[in-house]
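Throughout, a chain's letter reflects where its sequence line sits, starting with A, and its residues are numbered from 1. Computed from a predicted model, the values in this text were never measured in an experiment.
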There are 2 protein chains.
Amino acid sequence: MKPELTERQKLLLSLVVHEHTRTAQPVGSKTLVEQFALPISSATIRNEMTVLTELGYLRQPHTSAGRVPTEEGYRFFVSNLAQQTTLPAPMRNTIAHQFYQARQDLDEWLRLAASVLANQSQAASIVTAPHTEKAVFKHLELISTRAAQVLMVLVLVGGEIRQQILSLDDAATQESLSELAGRINSRCANCSVEQINSLEMALDPPGPQVLEAVRQQMRLSQKLVTGEIYLDGVTNVLAEPEFADTEQARSALSLLEERSKLDDLLSRTILGNEIGGVQVLIGGEGTWQELRQCSVILTRYGIPDQLTGTVGVLGPMRMPYGRTISTVRFVAGLLSDLVAENLIE
Amino acid sequence: MKPELTERQKLLLSLVVHEHTRTAQPVGSKTLVEQFALPISSATIRNEMTVLTELGYLRQPHTSAGRVPTEEGYRFFVSNLAQQTTLPAPMRNTIAHQFYQARQDLDEWLRLAASVLANQSQAASIVTAPHTEKAVFKHLELISTRAAQVLMVLVLVGGEIRQQILSLDDAATQESLSELAGRINSRCANCSVEQINSLEMALDPPGPQVLEAVRQQMRLSQKLVTGEIYLDGVTNVLAEPEFADTEQARSALSLLEERSKLDDLLSRTILGNEIGGVQVLIGGEGTWQELRQCSVILTRYGIPDQLTGTVGVLGPMRMPYGRTISTVRFVAGLLSDLVAENLIE
DNA sequence: ATTTAGCACTCTCAACTTGAGAGTGCTAAT
DNA sequence: ATTAGCACTCTCAAGTTGAGAGTGCTAAAT
């Protein structure tokens, strides 16, 4: 493998990353000395930078421009050099306060989480609603709407709500529907998909139709990888100089629009974990062509193996990693608390 | 006011619009003759174009480039010259078939509508969920989750579903909650916000707390201008050559992200109508600075004065208006049918 | 009274040139 | 091991140029 870097090399790599994050320009040896009042000369820095370049951590856009971190350089920086900053207390309070204000509605919380993340990171934020791996029946409600039409509202353990409009063969009174719902409720409470599927119940019409719809909705829910997706700050990404070329921006942002690709990306967080649960995906890691210029920071929140969701941001590779990772982690923590406090079980 | 245009002038304006829509380039007199095999010479066309330019319908990006339609030119074109194309039958069928397949879930329909619009128009599509101007109580459900926590699910006439988690002062059994819900249901069926507000009911705790939450949710719902908003094809806009400059694109798309601005824009459709219910907003019309390069086509669907939503697209000003207007109208028609068939009343 | 051919004129755009500036790598001295 | 010094490379912005596209005008033709 690669030789260990000296302390000075680590420092220099770190400084290059910082300076480049700030200015979006290649960083030269002289700039570095001046900016940080280093006690060594630019020539020494040049020698060190040559080493870092050979190791693959830095790159020259062209002969005789400054250096820019490579993907590998960023990865090394994030793994070994980035320091977790804690968000300033007043800001934590402001954010927590906003969440407290919206203490009514899961929808509102998630929207808020996305908004906060987008503003703090000046990048695009992604938040998914908490979702259970296994769909478990909690409560069914049948509401007569007109003639032979029924609004079915199904609540799953975890709080997910699914609705469907059923067209019955014959009209049914609200009383008979309520009675039917009651019977299904007492029989199906806390049932998994498998249990519901193998359930045998003798029911008069429209019982079988309703039960089949319940099964279908539960199967549908279980098939989903994530809950509903909330995005915010998508236009923030457009403001970054690396996306002055629209084509680049387009390919990156199209990832956020295509549900299947986004699911694919989010499913990464379900698998492995690094750095205290926060995943940092730099430059697409060879898999996502669209993300060549981007980095994605993701983490899970909620109750492990029960009710979890994903929060994260997508931004340019040149990103203040320390700060952003902290923010993502902070928001994930807030959402975890909210889920724990309000879990529907 | 302006003098009436001759038929030939109308034809030429129309051709300039078409050609420019196709190529995104300024259109010259010679190009026009060649492209459309006109029986008049380029010099004649130049004379006519001079007139159209003086009237404000055409514009030269610089001396001695071709002509480009002005906002006013587009407006004249849309009002007087654009011909409604009907979508080809096979396409109508494909789309209608897709809708039929998803004949289960309002959410799915709206998502689909947005997706179809975005693809057909190659622009960004906007669809809002159907929403009632007046919130009317339909059905309440209280679901015990744990200890002193209750999931409240409120269904409004029209089918809007609002949920909230209530923390009670004391624990309550599911039976007592169901009984409470039943009592409120029978008393509040079809009540408006005003009726609910002035309602006096003697209830044991947690009755008053629940009733207050119902009132609050209904007020909240009534305050909303639109239902939930579905966007799709936002990245389509980035592919247009007029948005090669990211800054332009950013300002246009940020309008879609900021809920308040978008509400503002959508509320236009609630006011006046033109062209068989389809509103065409060209170049921001002086009001929306962000839309200087864009056009927005909007129309309402649903049941007038009862349950309505908005569908529309946002694209570059250089847009195939005839086709796009038809598509928007077609999708609105489909959604109107769905709403009428499945109205929750 | 229109229409048109012809032509001079204007302006853009892409290609090319040039010089300043930034940054490097190397070498020799410290 | 570090550094001063210097030649070298490459980009970028600012000109320069010529081709091409399109116009407006005028005078002739219909």
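Closest-nucleotide positions on DNA chain C for B/R8 and B/P61 were compared, and the one nearer the 5' end corresponds to B/R8. Between B/H62 and B/T44, the residue anchored closer to the 5' end of DNA chain C is B/T44, taking for each the nucleotide with the nearest heavy atom.
Side-chain atoms of A/R46 and A/S29 include a donor-acceptor pair closer than 3.5 Å.
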B/S/- contact track for nucleotides 22-30 of chain C, protein heavy atom under 4.0 Å:
BBBB-----
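In this structure, CD of B/E48 is placed 7 Å from P of C/dT3, rounded to the nearest angstrom. Between the P atom of C/dT4 and the CG atom of B/L32 lies a distance of 14 Å, rounded to the nearest Å.
The minimum heavy-atom distance linking A/L12 with A/L52 is given by the pair CB-CD1, 4.4 Å.
Between B/V16 and B/P69, the closest side-chain pair of non-hydrogen atoms falls below 4.5 Å.
By the 6.0 Å contact criterion, NZ on B/K30 is open, its count of non-hydrogen atoms from other residues, nucleotides or ligands being 12 or less.
Between B/H20 and B/Y74, the ring-plane angle classifies as tilted under the 30° and 60° cut-offs. Taking the six-membered ring where tryptophan is involved, the planes of B/Y57 and B/F76 are tilted, since the angle between them lies from 30° to 60°.
Comparing the axis of the opening five pairs of the helix from C/dA1-D/dT30 to C/dT30-D/dA1 with that of the closing five pairs yields an angle of 30°, rounded to 10°.
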